[in-house]
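Working notes, structure below.
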Amino acid sequence: MAKRAEHVEETRRRIIEATVTMHETVGPASTTIAGIAETAGVTRLTVYRHFPDEEALYAACSAHWLAGQVAPDPEAWGRITDPEDRLRAGLSDLYRHYRDGEVMLTRIHGEIDHVPEGIRQMLRATESGYVAVLLSAFPPTARRRRLRAVVGHAVSFWTWRSLCRVRELANKDAVDLMTALTLLASRVTPTRHRQSSAR
């Protein structure tokens with residue numbers, strides 16, 4: 001009985017690892033049950049027996065991949081009271097995670113329409129959580145729509161990729177740039193600008 005349970009768990013692990021491999025190499029859009037089965041050395045029926053729907057398979061794949069990463073720690077950011085210090089700590093943590101997991105994250109975010117809705121909702125909720133933690137350090141009067149927009153832009157994987165991969169900035173330089181932009185957005189609009197905008 002124990003040996004059978006061990007075999008079942010081993011088969012499940014192979015299916016999950018095959019899914020991770022395919023997501024990283026060909027992307028979610030080109031990942032098929034047949035391809036997963038072939039990579040794992042099992043039948044399609046075996047894949048469905050372990051994971052009756054795509055949502056369950058993606059959730060297991062995501063959990064397995066994340067277990068091998070050093071995940072961002074927004075709880076640690078939240079213990080920093082100064083808005084700028086919290087922002088720097090949070091963005092440094094996120095950008096380190098993005099660089100470490102770039103291959104998989106590029107595939108997942110780049111083919112987000114091919115990811116199950118439940119996983120998309122989880123990704124959106126996670127990103128919204130990052131924004132909320134970073135915003136909460138700023139005084140309530142500073143929490144305007146533009147500040148939320150800038151912080152949302154700063155925590156985006158695509159912002160990191162544009163600055164650090166495409167434009168070849170170091171993580172620290174990207175953090176400095178996004179911190180400066182966020183602090184600028186948090187300030188009250190100068191009187192002259194407000195008057196000209198009202199005309």
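Since this is a predicted model, take the numbers as computed values, not measurements.
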Check this for me: [X], atom [atom1], are more than 12 non-hydrogen atoms of other residues, nucleotides or ligands nearer than 6.0 Å?
X: Glu75; atom1: CD; value: no
X: Glu168; atom1: CD; value: no
X: Glu38; atom1: CD; value: no
X: Arg124; atom1: CZ; value: yes

Got [X] and [Y] here, is their nearest side-chain heavy-atom distance under 4.5 Å?
X: Tyr98; Y: Arg161; result: no
X: Leu123; Y: Ile112; result: yes
X: His97; Y: Leu105; result: yes

Next item on the list: Take Phe51 and Ile16 through the side-chain contact (heavy atoms from CB on, under 4.5 Å) test and state the conclusion after the steps.
Entry: CA-CA 10 Å; Phe51 300 99; Ile16 292 170; 3.6 Å; yes

Next item on the list: Would you check, one step at a time, whether the test salt bridge (charged side-chain N to carboxylate O under 4.0 Å, His left out) holds for Glu9 with Arg13?
Entry: CA-CA 6 Å; Glu9 186 56 34; Arg13 182 187 62 77; over 6 Å; no

Quick test of your reading of the model: are [X] and [Y] salt-bridged, counting only N-O distances below 4.0 Å?
X: Arg107; Y: Glu24; value: no
X: Glu102; Y: Arg99; value: no
X: Glu17; Y: Arg14; value: no

As an exercise, state the distance from [atom1] of [X] to [atom2] of [Y], rounded to the nearest 0.5 Å.
X: Leu184; Y: Leu147; atom1: CG; atom2: CG; value: 10.5 Å
X: Arg148; Y: Ser128; atom1: CZ; atom2: OG; value: 8.5 Å
X: Thr46; Y: Arg49; atom1: OG1; atom2: CZ; value: 4.5 Å
X: Met178; Y: Trp160; atom1: CE; atom2: CH2; value: 14.0 Å
X: Asp82; Y: Arg88; atom1: CG; atom2: CZ; value: 10.0 Å
X: Ile36; Y: Tyr48; atom1: CD1; atom2: OH; value: 9.0 Å

Specify the closest pair of heavy atoms between [X] and [Y], including all atoms of both residues, with the distance to one decimal.
X: Leu91; Y: Ala154; value: CD2-O, 3.8 Å
X: Ala170; Y: Cys164; value: O-SG, 4.0 Å
X: Asp73; Y: Asp93; value: N-OD2, 2.7 Å
X: Val150; Y: Ala185; value: CG2-CB, 3.8 Å
X: Gly90; Y: Leu134; value: CA-CD2, 4.2 Å
X: Thr21; Y: Thr25; value: O-OG1, 2.7 Å

Please answer whether the main-chain N or O of [Y] pairs with a side-chain N or O of [X] as donor and acceptor at a distance below 3.5 Å.
X: Thr39; Y: Gly35; result: yes
X: Arg44; Y: Ala37; result: no
X: Ser156; Y: His153; result: no
X: Arg144; Y: Arg187; result: yes
X: Arg86; Y: Ile80; result: yes
X: Thr126; Y: Met122; result: yes
X: Glu111; Y: Ala29; result: yes

Next item on the list: Describe, in one word, how the ring planes of Tyr58 and His23 are oriented to each other, choosing from parallel (under 30°), tilted (30 to 60°) and perpendicular (over 60°).
Entry: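 If you compare the ring of Tyr58 with that of His23, the planes turn out tilted.
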
Notebook entry, point to check: In terms of ring plane angle, is the pair Tyr130 and Trp77 parallel, tilted or perpendicular, where the classes change at 30° and 60°?
Noted result: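 Geometry flag for Trp77 against Tyr130: tilted rings.
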
Next item on the list: Given side-chain contact (heavy atoms from CB on, under 4.5 Å), test Tyr95 with Asp100 step by step and report yes or no.
Entry: CA-CA 8 Å; Tyr95 291 178; Asp100 290 347; over 6 Å; no

Next item on the list: Determine, stepwise, if the pair Ile15 / Leu57 fulfils side-chain contact (heavy atoms from CB on, under 4.5 Å).
Entry: CA-CA 9 Å; Ile15 293 169; Leu57 180 58; 4.0 Å; yes

Notebook entry, point to check: Is there a path of hydrophobic side-chain contacts, each under 4.5 Å between heavy atoms of I, L, V, M, F, W or Y residues, that connects Val115 with Leu66?
Noted result: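 Shared cluster, yes.
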
Margin query: Please say yes or no: joined through hydrophobic side-chain contacts below 4.5 Å, possibly via intermediate residues, are Ile108 and Val70 part of one cluster?
Written below: no

Is it the case that [X] and [Y] place a side-chain donor and acceptor less than 3.5 Å from each other?
X: Thr179; Y: Thr182; value: no
X: Asn171; Y: Arg96; value: no
X: Arg146; Y: Ser186; value: no

Next item on the list: I would like to know whether Lys172 and Asp176 meet salt bridge (charged side-chain N to carboxylate O under 4.0 Å, His left out); could you show each step before the answer?
Entry: CA-CA 6 Å; Lys172 182 182 181 304; Asp176 288 345; 3.1 Å; yes

Check: Between His50 and Val8, does a side-chain contact (heavy atoms from CB on, under 4.5 Å) hold up when you go through it step by step?
Finding: CA-CA 9 Å; His50 284 267; Val8 168; 3.6 Å; yes

